Asker: 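Could you have a look at this structure, given as structure tokens, before my questions?
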Amino acid sequence: MSTLVLDRLRKRYDRTTAVERVDLTAKQGELVALLGPSGCGKTTTLRMVAGFIAPTDGRVLIGDRDVTQVPVHLRNTGMVFQAYALFQHMTVAQNVAFGLEMRRVERAEREKRVAEALRLVRLDHLADRMPRQLSGGQQQRVALARALVVNPAVFLLDEPLSNLDAKLRAEVRMEIRALQQRLGLTTLIVTHDQEEALTMADRLVVMERGRVRQIGTPEELYENPADVFVASFVGNCNLVAGTLERPGSFRTQSGTLLPCTSEAPAANDGLVLALRPERVTVTPGEGAPGDIRAQVTAVTYLGAQTEYHLDLNGTTLRASRSTPLHDDPLRRIAPGEKLTLSWDAASARLLPAETETGDET
Amino acid sequence: MAESRGMFFKSAVVASYALMLAPVVMVIIISFFRQEIISFPPEGLTMQWYVNAWERREFARGFVTSLQVAAIATAIGVPLGTAAAYALARAKLPGREAISTLLLGPLAVPGVVAGTALYMFYLRAETWLDQDITATLSGLVAAHVLLTIPWTVRLVTASLQGMDRSAEEAAANLGARPPTVFMRVTLPMLRPGVVAAALFSFIQSFENLELTLLLVGPGRTTLPVAMLSYLEFRMDPTLAAVATVQILLVTAMMLITDRFVRLSRVI
């Protein structure tokens, strides 16, 4: 177990740049998630750490050791692959023992550690099965045990949950996180699922087209996104283009004024107001003069949550809240009716507008 | 309508199997006919042709030679072909396409042509090296290795292409050096392809006639060549008896192999 440092890591193929320049330090025992849409370079980054891909520039350090030129089999990373990559011709126990065998651990010690690792993932009763006799979730746990049993310096997970169904996914997510914390493993996980990243990671690295957009804790990323891409990729977000009319007031392109007291980035023209839907409070009725009014265009019932699609004189916003109780007048709000909106002016963020944005959330 | 179409396909399948198996079945039946000149109905049934085949030592000797040649050629050709397939699939070799075409070449060249070419080449080589090559076991084995390589390359390449690389990566990640990865993970995953390749190589070599014809010497003929020479003088069911034994042998080999590797999954 060690720290992991990526120092100006870059990967170019003939014409395209897969990874632009990643600087990252994962502390001992920290779980860092690489998050981004497919093709953003997150898997390439992980594979450079494992040693499957040689970087064009930059260094990978595990502990204090520069491993950039070290071949895969000498790096001591423990990787869990997307499709598990179990050895189909070996039993569960043989799969788990493989790494220890390669390290020339003697038989008695090996058997002890294999049994321990299988107990850790609650599979000790299936040690003699063949992988194809196991369910997806069980195979996943074999892959975890196999990677962990060798005490890797760095634990690497490549979309480890994408082959599991939704219910199992939440369960395995918790299990991986608990294991990782208990063993104090420095971990790098690749995912395209923002919920997975937010719930598991100590810190997130949001990537897009080979570039790192932002690095931060889940809270930092959610509350303080650095740009429009991060705001839209991590959680849901209203993104409204416009300009800062005066401090505290934002004018949308359709001319509506919205309260906003957060600091504006350097360039004033071409701003985007980022406002989380759950920060918007909706009240039935027209409210007092000077209040922000909106017309409901759609109401989406999501069970625990209800989402309101709103029109403010040509500016569209979404608001969401926990579904109101039966006797709440909000419960009967229908499209076409009027609502009054309010939010803490400090929770609306100002971001620089981007020419090409993925502001579809 | 659907039912009659189903019937149609069923009868088509039955008909094609009948067409394919009829000669084989006929050979087996004829081998028991008493009369020397084949005609229907049989005058009676007999085992005498089997006895005759056994007493004519050229068949037994040919059988042993064929087994020897096929076994050695398979033992040499399958590892070579596997290595070639692996290199073609994995290494970034310049001129990969050309090499691959070259390795499959013997399949495209008619056996008689290849045999003649080899014969001429061997004669030249004999004068250069001042050593016998034609009519020797090693000369014959070398020729038959040419038969085994294309089959192996084809079957093993197919297995390699369908293979998930991540198990190999996992092995490397767990500390296995490249040769260990190959021996412990890649090769076991390729096992069905390699076993099938060995089987087909063996059969190809065992029953080859055209390529072999010019390369055998007196007293060292293979079974198919021995059968052909017999046919030049006699036309009795002895050959059917020999062929029956051969058919049984090949069938047995296929069945046994199928116990270990589902052949239908590989080919």
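Chain identifiers are assigned alphabetically (A, B, ...) following the order of the sequence lines, protein sequences preceding nucleic acid strands; residue numbering begins at 1 within each chain. As the structure is a computational prediction, the values presented were derived from the model and not from experiment.
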Asker: Look at atom CZ of A/R110 and say whether more than 12 heavy atoms of other residues, nucleotides or ligands are closer to it than 6.0 Å.
Answerer: yes
Asker: Can you check whether anything in residues 100-111 of chain B gets within less than 4.5 Å of chain A, heavy-atom wise, and list it by number?
Answerer: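 The stretch does not come within 4.5 Å of chain A.
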Asker: Would you mind checking which part of A/R104 comes under 4.5 Å of any heavy atom in chain B, side chain (CB onward), backbone (N, CA, C, O), both or neither?
Answerer: neither
Asker: May I ask you to decide if B/L174's main-chain N or O and A/R103's side chain share a donor-acceptor pair within less than 3.5 Å?
Answerer: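 Between the backbone of B/L174 and the side chain of A/R103 there is a qualifying donor-acceptor contact (under 3.5 Å).
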Asker: Residues of residues 172-182 of chain A under 4.5 Å from chain B (heavy atom pairs)?
Answerer: none
Asker: Could you list which of residues 68-85 of chain A have a heavy atom closer than 4.5 Å to any heavy atom of chain B, in residue-number order?
Answerer: A/V72, A/H73, A/T77, A/G78, A/M79, A/F81, A/A85
Asker: So which of B/V181, B/D164, B/V185, B/T180 has the largest heavy-atom pair count under 4.5 angstrom toward chain A?
Answerer: B/V185
Asker: CE of B/M253: more than 12 outside heavy atoms within 6.0 angstrom?
Answerer: yes
Asker: When you look at CG of A/D64, are more than 12 heavy atoms from neighbouring residues, nucleotides or ligands closer to it than 6.0 Å?
Answerer: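 Count not over threshold, so no.
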Asker: As an exercise: rank B/P178, B/S166, B/P188, B/G175 by heavy-atom pairs under 4.5 Å with chain A and give me the winner.
Answerer: B/G175
Asker: At a heavy-atom separation under 4.5 Å, does A/L86 approach chain B through its side chain, its backbone, both, or neither?
Answerer: backbone
Asker: Which answer fits B/R184, side chain, backbone, both or neither, if we ask what part of it has an atom under 4.5 Å from a heavy atom of chain A?
Answerer: both
Asker: Applying a criterion of heavy atom separation less than 4.5 Å, what residues of residues 87-98 of chain A form contacts with chain B?
Answerer: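 Contacts with chain B: A/F87, A/H89, A/M90, A/F98.
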Asker: Tell me which of these, B/E168, B/R177, B/R165, has more heavy-atom pairs under 4.5 Å with chain A than the rest.
Answerer: B/R177
Asker: Has A/E109 got more than 12 heavy atoms of other residues, nucleotides or ligands less than 6.0 Å from its CD?
Answerer: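 For A/E109, atom CD is crowded (more than 12 foreign heavy atoms under 6.0 Å).
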